[in-house]
Enquirer: 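Sharing a structure here in structure tokens format.
Everything quoted here is computed from the prediction, not taken from an experiment. For this chain, numbers begin at 1 and follow the sequence in order.
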Amino acid sequence: MYKRGTFTIESNEPLTAAVWRMVLAGDTQYIVRPGQFVNIALDGRFLRRPISVCDCEPGRLTLIYKVVGDGTADMSRMKAGAELDLLTGLGNGFSLHEGVQRPLLVGGGVGVPPLYMLARRLLESGARPTAVLGFNTASEIFYADEFRALGVEVIIATADGSAGVRGFVTDALNGVDFDYFYACGPMPMLRALCSVTDCDGELSLEERMGCGFGACMGCSCKTADGGYKRICKEGPVFRRDELIINN
């Protein structure tokens, strides 16, 4: 179930040259699982902008977004006190599996934010997560300290070797003990992760969306059972065995 509501911007600040954090005040009761997203209406833009939820508490919502086009550039210029029209509670989020003790969280770039709320929930359940966060270069790293402040072990990978392990997230997995994984990032990263582990897990897909709530069918993907599922509705989080990940 989703809800349309008006949210007020409390703060909107850059974390890196291209990544911003926006904190909003409003009705968050429909955001119930990590990995869900909101859809934001912007003046003069036909389609809403889907943004994953980084964190949520009663009455307060944290979003992290990357400026990649005119819409998100508009968002970066918004000031505290401005109001936004949001659809909240969208999408299928991550599940918290009983019995998982050492979950691995793998995020690439703007795939990192939804893992933060997940990490909080996992810690509350008694699990001990490790986060492997991948970026292109040291200047693009964000939220590593916030994960550490929760008590999560954090391993950084950068493609150019300017911080942490040189290479991709899969290069940082040596010696990491885990019994389940959660991942969010670009498809090449998800494919690479699945190619190096047989462990069960869940994958959050990044996809352009039209409506954001399953009506337009524009973000459908073929699944392992031969049928099609909507990334905005049945996803963006899928079990590993649901997806045809290596094609």
Side-chain angles (χ1 to χ4, degrees), residues 1-7 20-42 47-66 72 75 84-97 100 103 105-125 127 129 131 143 146-147 150 180-186 190 201-221 223 229-240 242-243:
M1 180 180 294
Y2 66 90
K3 181 182 180 181
R4 182 179 179 182
T6 300
F7 283 69
W20 289 66
R21 175 172 55 197
M22 179 181 285
V23 179
L24 299 163
D27 184 359
T28 59
Q29 65 177 310
Y30 287 84
I31 303 169
V32 295
R33 297 175 70 179
Q36 290 185 298
F37 66 96
V38 301
N39 228 0
I40 303 175
L42 299 173
L47 295 177
R48 291 175 177 262
R49 266 46 182 188
I51 306 292
S52 60
V53 172
C54 173
D55 201 11
C56 179
E57 55 187 348
R60 179 170 292 169
L61 173 66
T62 300
L63 307 176
I64 292 179
Y65 62 96
K66 185 175 183 180
T72 44
M75 288 177 59
L84 284 172
D85 180 312
L86 267 66
L87 299 180
T88 63
L90 296 168
N92 174 50
F94 294 108
S95 60
L96 302 181
H97 282 278
V100 172
L105 314 182
V106 182
V110 287
V112 169
L115 301 177
Y116 180 80
M117 181 176 170
L118 174 62
R120 279 206 306 109
R121 297 284 180 85
L122 288 167
L123 287 164
E124 290 167 3
S125 73
Y143 252 60
E146 283 80 354
F147 276 89
L150 291 177
Y180 197 81
F181 73 81
Y182 301 91
C184 183
L190 301 180
E202 296 174 22
L203 308 167
S204 181
L205 305 186
E206 298 177 348
E207 183 59 71
R208 296 181 66 87
M209 297 176 186
C211 67
F213 48 81
C216 72
M217 307 295 290
C219 62
S220 297
C221 66
T223 57
K229 293 185 179 180
R230 298 160 294 183
I231 292 174
C232 72
K233 184 71 172 179
E234 287 78 34
V237 177
F238 296 92
R239 297 189 318 274
R240 175 186 180 157
E242 288 182 273
L243 297 175

Enquirer: Can you list everything that forms a ring pair (Phe, Tyr, Trp, His ring centres under 6.0 Å) with Phe147? Sequence neighbours excluded, please.
Expert: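 Scan of Phe147 (ring pair (Phe, Tyr, Trp, His ring centres under 6.0 Å), adjacent residues dropped) gives Tyr116.
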Enquirer: Donor-acceptor check, side chain of Arg21 to backbone of Ile64, threshold 3.5 angstrom: yes or no?
Expert: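 No, because the side chain of Arg21 does not come within donor-acceptor range (under 3.5 Å) of the backbone of Ile64.
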Enquirer: Begin from the C-alpha positions of Leu84 and Met22 and carry the test side-chain contact (heavy atoms from CB on, under 4.5 Å) through to its verdict.
Expert: CA-CA 11 Å; Leu84 284 172; Met22 179 181 285; 3.7 Å; yes
Enquirer: Are any of the side-chain heavy atoms of Leu105 and Val112 separated by less than 4.5 Å?
Expert: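 Leu105 vs Val112: side chains apart.
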Enquirer: Give me the atom names and distance for the closest heavy-atom approach of Ala127 to Pro103.
Expert: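 Scanning both residues completely, I find the closest heavy atoms to be CB-CD, 3.8 Å.
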Enquirer: Do you know the tightest heavy-atom contact between Arg240 and Leu203?
Expert: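 Distance-wise, the nearest heavy atoms are CA-CD1, 4.4 Å.
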Enquirer: What is the minimum heavy-atom distance between Leu123 and Pro129, and which atoms define it?
Expert: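 That closest heavy-atom pairing would be CD2-CD, 3.6 Å.
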Enquirer: Could you walk me through whether Ser204 and Tyr182 satisfy the side-chain contact (heavy atoms from CB on, under 4.5 Å) test, starting with their C-alpha distance in whole Å, then the side-chain angles of each, then the deciding distance to 0.1 Å, before giving a yes or no?
Expert: CA-CA 8 Å; Ser204 181; Tyr182 301 91; over 6 Å; no
Enquirer: Report yes or no: does Arg60 contribute a side-chain atom to a donor-acceptor pair with the main-chain N or O of Pro58 at less than 3.5 Å?
Expert: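 Absent.
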Enquirer: Passes side-chain contact (heavy atoms from CB on, under 4.5 Å), Leu47 versus Leu42? Steps please.
Expert: CA-CA 8 Å; Leu47 295 177; Leu42 299 173; over 6 Å; no
Enquirer: Using every non-hydrogen atom in the two residues, find where Arg33 and Arg121 come nearest and quote the distance to one decimal.
Expert: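 Scanning both residues completely, I find the closest heavy atoms to be CA-NH1, 4.4 Å.
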Enquirer: About how many Å separate NZ of Lys66 and OG1 of Thr72, when rounded to the nearest 0.5 Å?
Expert: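 Reported to 0.5 Å precision, the distance equals 10.0 Å.
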Enquirer: Does the Asp55 side chain pair with the main chain of Glu57, one donor and one acceptor, at a distance under 3.5 Å?
Expert: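 No, because the side chain of Asp55 does not come within donor-acceptor range (under 3.5 Å) of the backbone of Glu57.
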Enquirer: Using modelled atom types and a 3.5 Å cut-off, is there a donor and acceptor pairing between side-chain atoms of Thr88 and backbone atoms of Thr28?
Expert: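 No.
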Enquirer: For the pair Tyr65 (side chain) and Met75 (backbone), establish whether a donor and an acceptor sit closer than 3.5 Å, ignoring hydrogens and angles.
Expert: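 A pair under 3.5 Å: yes.
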Enquirer: Please report the shortest heavy-atom distance between Glu202 and His97, naming the atom on each side.
Expert: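 Distance-wise, the nearest heavy atoms are OE2-NE2, 3.1 Å.
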Enquirer: Taking all non-hydrogen atoms of both residues into account, name the closest pair between Phe7 and Leu24 and its distance.
Expert: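 Result for this residue pair: CD2-CB, 3.9 Å.
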Enquirer: After noting the C-alpha distance and the side-chain angles of Met117 and Thr62, does the key distance pass the side-chain contact (heavy atoms from CB on, under 4.5 Å) rule?
Expert: CA-CA 10 Å; Met117 181 176 170; Thr62 300; over 6 Å; no
Enquirer: Where the side chain of Asn92 meets the backbone of Val237, is there a donor-acceptor pair that is under 3.5 Å apart?
Expert: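 Yes, Asn92 side chain to Val237 backbone: donor-acceptor pair under 3.5 Å.
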Enquirer: Which residue in the set Leu87, Leu90, Leu63 passes side-chain contact (heavy atoms from CB on, under 4.5 Å) when paired with Val38?
Expert: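 With Val38 as partner, Leu87, Leu90, Leu63 yield a single side-chain contact (heavy atoms from CB on, under 4.5 Å), made by Leu63.
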